[in-house]
Amino acid sequence: MFEAIFASAIKALPVFLLHLGVTLAILVLGVLVYMWVTPHHEARLMRQGNVAAATTFGAAVLGLALPLAICLARSVNVADIVIWGVVALVVQLATFFVMELVFKDLGRRIENGDMAAAVALGATMLGVAAINAAAIAG
(Lines give C-alpha, C1' and ligand atoms only; values in the text may rest on other atoms or scores of the structure.)
Protein backbone atom coordinates (compact mmCIF):
# COMPACT_ATOMS: atom_id res chain seq x y z
CA MET A 1 0.00 0.00 0.00
CA PHE A 2 2.83 2.41 0.84
CA GLU A 3 4.32 1.81 -2.61
CA ALA A 4 1.08 2.89 -4.31
CA ILE A 5 0.90 6.05 -2.19
CA PHE A 6 4.56 6.83 -2.89
CA ALA A 7 4.11 6.24 -6.64
CA SER A 8 1.07 8.51 -6.66
CA ALA A 9 2.98 11.24 -4.80
CA ILE A 10 5.92 11.00 -7.21
CA LYS A 11 3.54 11.23 -10.17
CA ALA A 12 1.88 14.35 -8.68
CA LEU A 13 5.19 16.04 -7.80
CA PRO A 14 5.60 18.01 -11.07
CA VAL A 15 2.10 19.54 -10.73
CA PHE A 16 2.77 20.32 -7.06
CA LEU A 17 6.06 22.04 -7.94
CA LEU A 18 4.46 23.99 -10.79
CA HIS A 19 1.54 25.23 -8.66
CA LEU A 20 3.82 26.05 -5.73
CA GLY A 21 6.30 27.84 -7.98
CA VAL A 22 3.62 29.92 -9.70
CA THR A 23 2.06 30.93 -6.39
CA LEU A 24 5.43 31.86 -4.87
CA ALA A 25 6.28 33.88 -8.00
CA ILE A 26 3.00 35.80 -7.63
CA LEU A 27 3.81 36.41 -3.96
CA VAL A 28 7.30 37.71 -4.76
CA LEU A 29 5.89 39.90 -7.53
CA GLY A 30 3.21 41.22 -5.17
CA VAL A 31 5.77 42.03 -2.47
CA LEU A 32 7.98 43.82 -5.01
CA VAL A 33 5.03 45.84 -6.32
CA TYR A 34 4.03 46.68 -2.73
CA MET A 35 7.56 47.91 -2.00
CA TRP A 36 7.55 49.93 -5.22
CA VAL A 37 4.20 51.67 -4.65
CA THR A 38 4.57 52.54 -0.98
CA PRO A 39 5.91 56.03 -0.24
CA HIS A 40 8.39 54.68 2.31
CA HIS A 41 11.36 52.44 1.49
CA GLU A 42 10.86 49.30 3.57
CA ALA A 43 14.20 47.65 2.82
CA ARG A 44 16.22 50.72 3.78
CA LEU A 45 14.11 51.39 6.86
CA MET A 46 14.37 47.77 8.03
CA ARG A 47 18.16 47.83 7.56
CA GLN A 48 18.14 50.88 9.83
CA GLY A 49 16.19 48.97 12.47
CA ASN A 50 12.82 50.63 11.93
CA VAL A 51 10.38 48.30 13.69
CA ALA A 52 7.32 50.09 12.28
CA ALA A 53 8.52 49.44 8.73
CA ALA A 54 9.29 45.80 9.55
CA THR A 55 5.84 45.42 11.10
CA THR A 56 4.03 46.79 8.07
CA PHE A 57 6.24 44.84 5.68
CA GLY A 58 5.59 41.60 7.56
CA ALA A 59 1.86 42.27 7.60
CA ALA A 60 1.96 43.05 3.88
CA VAL A 61 3.71 39.75 3.12
CA LEU A 62 1.21 37.82 5.26
CA GLY A 63 -1.64 39.86 3.80
CA LEU A 64 -0.56 38.85 0.31
CA ALA A 65 0.24 35.25 1.21
CA LEU A 66 -3.04 34.43 2.96
CA PRO A 67 -5.36 34.92 -0.04
CA LEU A 68 -2.75 33.35 -2.32
CA ALA A 69 -2.66 30.27 -0.11
CA ILE A 70 -6.43 29.89 -0.37
CA CYS A 71 -6.19 30.57 -4.09
CA LEU A 72 -3.64 27.76 -4.41
CA ALA A 73 -5.79 25.39 -2.36
CA ARG A 74 -8.94 26.11 -4.38
CA SER A 75 -7.49 26.40 -7.89
CA VAL A 76 -7.75 23.65 -10.43
CA ASN A 77 -4.95 24.72 -12.76
CA VAL A 78 -2.21 27.29 -13.28
CA ALA A 79 -4.47 29.75 -15.11
CA ASP A 80 -6.88 29.68 -12.17
CA ILE A 81 -4.00 30.38 -9.77
CA VAL A 82 -2.77 33.30 -11.87
CA ILE A 83 -6.19 34.89 -12.38
CA TRP A 84 -7.30 34.69 -8.75
CA GLY A 85 -3.79 35.40 -7.52
CA VAL A 86 -3.72 38.69 -9.42
CA VAL A 87 -7.20 39.57 -8.13
CA ALA A 88 -6.03 38.88 -4.57
CA LEU A 89 -2.95 41.07 -5.03
CA VAL A 90 -4.97 43.96 -6.46
CA VAL A 91 -7.34 43.84 -3.47
CA GLN A 92 -4.43 43.82 -1.02
CA LEU A 93 -2.61 46.68 -2.76
CA ALA A 94 -5.85 48.67 -2.90
CA THR A 95 -6.10 48.24 0.87
CA PHE A 96 -2.83 50.11 1.29
CA PHE A 97 -4.02 52.95 -0.93
CA VAL A 98 -7.31 53.26 0.98
CA MET A 99 -5.38 53.43 4.24
CA GLU A 100 -3.07 56.03 2.71
CA LEU A 101 -6.12 58.14 1.81
CA VAL A 102 -7.59 57.79 5.30
CA PHE A 103 -4.25 58.52 7.02
CA LYS A 104 -2.58 60.91 4.61
CA ASP A 105 0.75 60.90 6.43
CA LEU A 106 0.96 57.12 6.90
CA GLY A 107 4.23 56.73 4.99
CA ARG A 108 5.92 59.50 6.95
CA ARG A 109 4.66 58.10 10.22
CA ILE A 110 6.06 54.66 9.40
CA GLU A 111 9.37 56.22 8.35
CA ASN A 112 9.44 57.93 11.75
CA GLY A 113 8.90 54.59 13.50
CA ASP A 114 5.32 55.24 14.59
CA MET A 115 4.13 51.84 15.79
CA ALA A 116 0.50 53.00 16.11
CA ALA A 117 0.43 53.67 12.37
CA ALA A 118 2.22 50.39 11.65
CA VAL A 119 -0.16 48.31 13.74
CA ALA A 120 -3.22 50.03 12.25
CA LEU A 121 -1.99 49.42 8.71
CA GLY A 122 -0.86 45.87 9.43
CA ALA A 123 -4.09 44.88 11.18
CA THR A 124 -6.17 46.36 8.38
CA MET A 125 -4.14 44.54 5.72
CA LEU A 126 -4.48 41.22 7.58
CA GLY A 127 -8.21 41.75 8.18
CA VAL A 128 -8.82 42.46 4.51
CA ALA A 129 -6.61 39.48 3.61
CA ALA A 130 -8.82 37.17 5.67
CA ILE A 131 -11.96 38.46 3.94
CA ASN A 132 -10.18 38.35 0.56
CA ALA A 133 -9.19 34.73 1.17
CA ALA A 134 -12.73 33.78 2.19
CA ALA A 135 -14.14 35.44 -0.92
CA ILE A 136 -11.70 33.47 -3.08
CA ALA A 137 -12.65 30.28 -1.30
CA GLY A 138 -16.28 30.95 -2.18
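Residue numbers start at 1 and run along the sequence shown.
When the side chains of ILVMFWY residues are joined at heavy-atom separations under 4.5 Å, either directly or via intervening members, Leu66 and Val86 end up in two distinct hydrophobic clusters. Residues Val128 and Met125 are members of separate hydrophobic clusters, defined by side-chain heavy-atom contacts under 4.5 angstrom among Ile, Leu, Val, Met, Phe, Trp and Tyr. Hydrophobic cluster membership is shared by Val61 and Val22, with clusters built from Ile, Leu, Val, Met, Phe, Trp and Tyr side chains linked at under 4.5 angstrom. Cluster annotation: Val119 and Phe57 are assigned to distinct hydrophobic clusters (Ile/Leu/Val/Met/Phe/Trp/Tyr, side-chain heavy-atom contacts under 4.5 Å, transitive). The same ILVMFWY cluster, assembled from side-chain heavy atoms under 4.5 Å apart, contains both Leu29 and Phe96.
In plain terms, the two heavy atoms of Gly122 and Ala59 that are nearest each other are CA-CB, 3.4 Å. Scanning all heavy atoms of the two residues, the minimum distance from Gly107 to Glu100 falls at N-OE1, 3.7 Å. Listed here is the closest heavy atom pair of Gly85 and Leu68: CA-CD2, 3.5 Å. When every heavy atom of Arg74 is checked against every heavy atom of Asp80, the shortest pair comes out as O-OD2, 4.1 Å. Taking both residues in full, the closest heavy atoms of Glu42 and Met35 are given as OE1-CA, 3.7 Å, listed atom of the first, atom of the second, then distance. When all heavy atoms of Ile136 and Cys71 are compared, the closest pair comes out as CG2-CA, 3.8 Å.
In this structure, CD1 in Ile110 is found 9.0 Å from CG in Leu45, a value given to the nearest 0.5 Å. In this structure, Met99 CE and Lys104 NZ are separated by 12.5 Å, a value rounded to the nearest 0.5 Å. For the atom pair CG (Leu18) and CG (Leu13), the distance works out to 11.0 Å, reported to the nearest 0.5 Å.
For Ala94, the side chain to side chain contact (heavy atoms under 4.5 Å, CB included) test picks out no residue, with sequence neighbours left out. Partners of Ile83 under the side chain to side chain contact (heavy atoms under 4.5 Å, CB included) rule, at least two apart in sequence or in another chain, do not exist in this structure.
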| Pair Asn50-Glu111, side chain to side chain donor-acceptor pair (under 3.5 Å): steps then yes or no | CA-CA 7 Å; Asn50 185 315; Glu111 283 181 357; over 6 Å; no
| said: Does Tyr34 form a side chain to side chain contact (heavy atoms under 4.5 Å, CB included) with Thr56? I'd like the steps, not just the answer. | reply: CA-CA 11 Å; Tyr34 174 81; Thr56 57; 4.3 Å; yes
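Side-chain atoms of Ser75 never come within 3.5 Å of backbone atoms of Asn77 as a donor-acceptor pair (strictly under, hydrogens ignored).
When each of Leu27, Val33, Leu64 is checked for a side-chain contact (heavy atoms from CB on, under 4.5 Å) with Leu89, only Leu64 meets the rule.
Looking at Ile26 and Trp84, their side chains never come closer than 4.5 Å, going by heavy atoms from C-beta outward.
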